[in-house]
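Here the structure is laid out as structure tokens; the discussion comes afterwards.
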Amino acid sequence: MRTLVVYVPDWPAVAARREVNTTAPVAVVTHAAVVSADPLARAAGVVPGLRRREAQNRCPDLVLVADDPLRDAHHFEEHVRAIENTVPLVHIVRPGLVAMNARGPARFYGTEERAAHALIAAIGGDVRVGIADGLYTAHQAATRGRPVACVPVGGSPEYLAPLGVSRLGEPDIVSLLHRLGITTLGAFAALSAESVRERFGVRGALLHAAAAGLDAAVVTPRDIPVDYACEVVCDTPLTRSDEIAFVMRQPAEQFIDALGAAGYACTALRVMYRNERGDSTERSWAHPRAFGPAEVVDRVRWQLAANTRLATTTEHEGFTGDGIVLVRIEPETVAPISRYEPGLFGSAPDERIHSALARVQSILGHDGVLTVSIGGGRRLAEREVLTPWGEKPVHTRSVTAPWPGSMPSPAPATVYPTPLPVTVVGDTGPIPPAEILSEEPRALETSGRRRAIAGWAGPWPLVERWWDGGQSEWRMQVTDTTGMAWLLVSEAQEWHIEARYD
Amino acid sequence: MSGLAGIVEHMFELGVLRERIREMETTRVEPRVPTHPLFARLLGGGLKPGAVYSVSSSLTVAMVLAAGASGGGAWCASVGIPHLGAQAAHEAGINLERFVTIPYPGAQWPTVVGALVDSFGIVLARSPGDMPAASAARIAAVARRAGSVLIVVGDWPGAEARIQVVAHTPLGVHQGHGLVVGHDIAVTVTGKGAAQRAVLPWPLTRELPAPPRLRLVV
């Protein structure tokens with residue numbers, strides 16, 4: 001889907017500047033580090049991620065403002081209105097970043113570039129536009145400096161390939177990728193989707209898809225059963241955004257869970273609320289990957305802040321103006337979760353299984369934990385394909401090919417990884433493997449232990465590599481007087497116990 | 001809400017909630033982990049979540065016990081059983097897609113089993129023999145908390161039930177001809193009550209397979 005993204009660089013700092021009324025450089029900080037710095041601050045060397053003290057050191061007259069997403073949303077509202085006057089149907093990804101389907105505006109304004117310039121003119125100030133095949137690529141294009149960056153159709157993978165993995169924005173995954181020697185999005189995208197999913201889970205799979213230019217967020221409204229909409233009616237009109245956040249937490253969880261149970265991840269949603277005077281406001285919110293419950297609540301809060309009537313600096317904080325009586329959340333775009341899950345059975349193990357096995361592997365080594373699948377072959381041990389946990393089984397022999405001489409069902413419960421040597425004894429002495437036994441077997445002898453034979457069947461030939469001149473080997477079944485049944489196989493003309501029916 | 005009215009209402013609500021909790025406690029039926037109908041009958045409807053079962057010597061019995069939960073989607077692990085036949089596990093009904101084996105845990109047996117019972121639905125483990133009672137109690141506690149089922153092949157102190165194989169009767173093999181088509185496994189189940197006896201037919205469906213193509217009759 002052709003996506004157009006409008007990006008206002010350093011929006012938190014720009015929004016903060018409107019409230020502090022200063023000519024000095026402004027930076028928005030959390031308790032520890034700089035989140036956003038305005039152009040003046042950047043010119044002085046203050047960049048996001050810098051520690052607070054270091055930022056003040058580089059730029060002594062820097063004005064520090066505490067981070068406040070509600071303030072960002074509140075001030076961004078005027079930009080959203082300007083954009084909506086130019087192009088209808090936009091999705092707000094977060095304050096400072098708006099996405100829309102590029103096709104409509106491109107048709108209306110002639111070309112995508114012209115649409116982009118029309119948007120920039122409508123908003124004014126330092127605004128960037130990125131246009132690409134998906135939201136993630138368009139966002140990356142928009143952040144790269146030029147006012148308008150257009151990635152040609154189908155060009156997303158090449159465009160993203162040279163960029164650094166730090167642009168994925170998930171610090172834990174990014175640092176691990178760096179340690180694995182994967183530094184560019186191209187290198188990350190080159191990994192197989194399956195191994196990424198196994199190592200990093202669904203979150204990693206979503207990032208991997210984004211890095212390959214195949215992101216899920218499709219910026220187009222699509223028919224979704226309205227049943228998934230979630231509506232909260234407040235008996236007492238709520239005026240504080242923290243109250244609303246509290247009330248919305250559980251419905252938001254149910255909303256995401258219900259979609260998840262139906263096999264969908266929500267990538268865009270619409271939030272509508274009505275206040276006690278009967279005014280209602282609606283807005284679409286997009287997510288670069290998929291919404292979680294907490295993020296849904298954030299969008300509700302941001303939207304409330306955006307529509308705050310009271311814009312004075314101190315009072316607007318958390319106050320929503322008129323009391324809210326109804327909040328409604330509707331999914332607008334969904335992506336099937338199955339895109340990121342391996343099999344029909346969802347063999348994607350949950351995190352608990354993963355962490356337990358990772359712990360065992362850390363104790364016993366990578367080969368200590370094995371998955372089992374059934375492969376081809378005549379010998380029983382051969383048919384068990386053991387693969388270390390986390391790797392993909394490699395089947396060298398076809399399961400479905402005919403394996404003459406393999407044993408029919410029922411399979412023995414005990415299969416010795418290496419067959420145990422055994423002597424089949426008759427009345428006159430050991431009986432060597434042969435097509436016809438030299439005499440009736442009487443007992444099995446293993447390292448000093450003797451079991452009397454009650455019955456036997458076979459021998460049957462086990463034909464392996466006759467073209468190599470290999471000797472034919474034999475198999476037979478033996479039951480002993482205790483009721484145990486054994487499967488014997490010959491190897492180098494010696495009998496061995498291959499399996500036991502216990 | 002005024003202070004006093006609020007308190008009264010709270011107390012009323014508390015009373016209602018206490019009543020509901022009491023109801024739930026008395027009528028609560030503990031869900032059982034599904035298993036083969038034969039064992040379900042002997043073990044009070046199924047395996048008890050969080051319990052340890054001890055099985056003597058027969059892997060078939062252990063696999064049949066585990067198969068119900070595994071077929072129902074639970075993750076299943078085997079510890080210290082390198083000779084567990086995958087084909088037989090599959091035939092017993094264990095879902096190999098959700099099965100892992102830790103064949104050689106060595107001295108780390110208690111740690112490994114403890115880690116697994118915490119997150120797997122069902123764990124098959126061969127008893128290492130010289131289990132200190134303290135380790136056994138710790139593992140049992142983890143299983144109880146996580147609600148998973150531990151099936152120990154071998155002895156286990158304080159097992160919920162012991163399933164002992166008393167007789168095997170292989171079927172189909174004669175003096176020099178035939179083929180193993182199955183076996184009857186006679187077991188006794190010793191739980192909290194008296195020992196019960198039953199015979200497990202194997203394979204569970206007991207279909208007669210076609211004779212091997214290359215059979216030689218001596």
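Numbered from 1 within each chain, the chains take letters A, B, ... in sequence-line order. Scope of the values below: all heavy atoms of this structure, side chains included, with no hydrogens, waters or symmetry mates. Small disclaimer: the values here were computed from a predicted structure and weren't measured.
Annotation: maximal heavy-atom pairing with chain B below 4.5 Å, among A:Thr479, A:Val415, A:Val478, occurs at A:Val415. Ranked by heavy-atom pairs shorter than 4.5 Å toward chain A, the options B:Val61, B:Leu116, B:Thr169, B:Leu84 are led by B:Leu84. Most heavy-atom pairs under 4.5 Å with chain B: of the set A:Gln477, A:Glu440, A:Met476, A:Met484, this distinction falls to A:Gln477. For the set A:Pro441, A:Ala413, A:Gly455, the count of heavy-atom pairs under 4.5 angstrom toward chain B peaks at A:Ala413. With chain B as the partner, the residue from A:Val360, A:Leu357, A:Asp502 showing the most heavy-atom pairs under 4.5 Å is A:Asp502. In terms of heavy-atom pairs under 4.5 Å with chain B, the best-connected choice from A:Ala381, A:Ala457, A:Ala485 is A:Ala457. Heavy-atom pairs under 4.5 Å with chain A peak, among B:His90, B:Gln87, B:Met63, at B:Gln87.
At least one side-chain heavy atom of A:Asp480 sits less than 4.5 Å from a side-chain heavy atom of A:Trp486. The closest side-chain heavy-atom distance from B:Leu59 to A:Arg500 is not below 4.5 Å. Side-chain contact between B:Tyr53 and B:Leu124 is absent, with no heavy-atom pair separated by less than 4.5 Å. Side-chain contact between B:Val187 and B:Val166 is absent, with no heavy atoms from C-beta onward closer than 4.5 Å.
There is no contact between A:Ile453 and chain B, counting heavy-atom distances below 4.5 Å. With a 4.5 angstrom heavy-atom cutoff, A:Ala499 does not touch chain B via any of its atoms. Looking at A:Leu386, only its side chain comes within 4.5 Å of chain B, counting heavy atoms on both sides. Both the backbone and the side chain of A:Leu370 come within less than 4.5 Å of a heavy atom in chain B. Contact of A:Val369 with chain B is made through backbone and side chain together, with heavy-atom distances under 4.5 Å. Heavy atoms of B:Ala167 lying under 4.5 Å from chain A are absent altogether. Within the 4.5 angstrom heavy-atom criterion, no atom of A:Gln361 approaches chain B. Contact annotation for B:Glu91: only side-chain heavy atoms (C-beta onward) come within less than 4.5 Å of a heavy atom of chain A. Contacts of B:Ser78 with chain A are absent, with no heavy-atom separation under 4.5 Å from either backbone or side chain.
Electrostatic pairing of B:Arg144 and B:Glu160 does not count as a salt bridge here, judged by no charged N lying under 4.0 Å from a carboxylate O. Comment: A:Arg475 does not engage A:Glu473 in a salt bridge, judged by the lack of any side-chain N to carboxylate O separation of less than 4.0 angstrom. A salt bridge is absent between A:Glu498 and A:Arg379; no separation between the charged side-chain nitrogens and carboxylate oxygens falls under 4.0 Å.
Side-chain atoms of B:Gln196 and B:Thr188 form no donor-acceptor pair, as typed in the model, at a separation below 3.5 Å. Residues B:Asp184 and B:Trp202 bring no donor and acceptor atom of their side chains to less than 3.5 Å of each other.
In this pair, B:Trp75 and B:Phe120 present their aromatic rings perpendicular. The plane angle is above 60°, beyond the 30 to 60° band.
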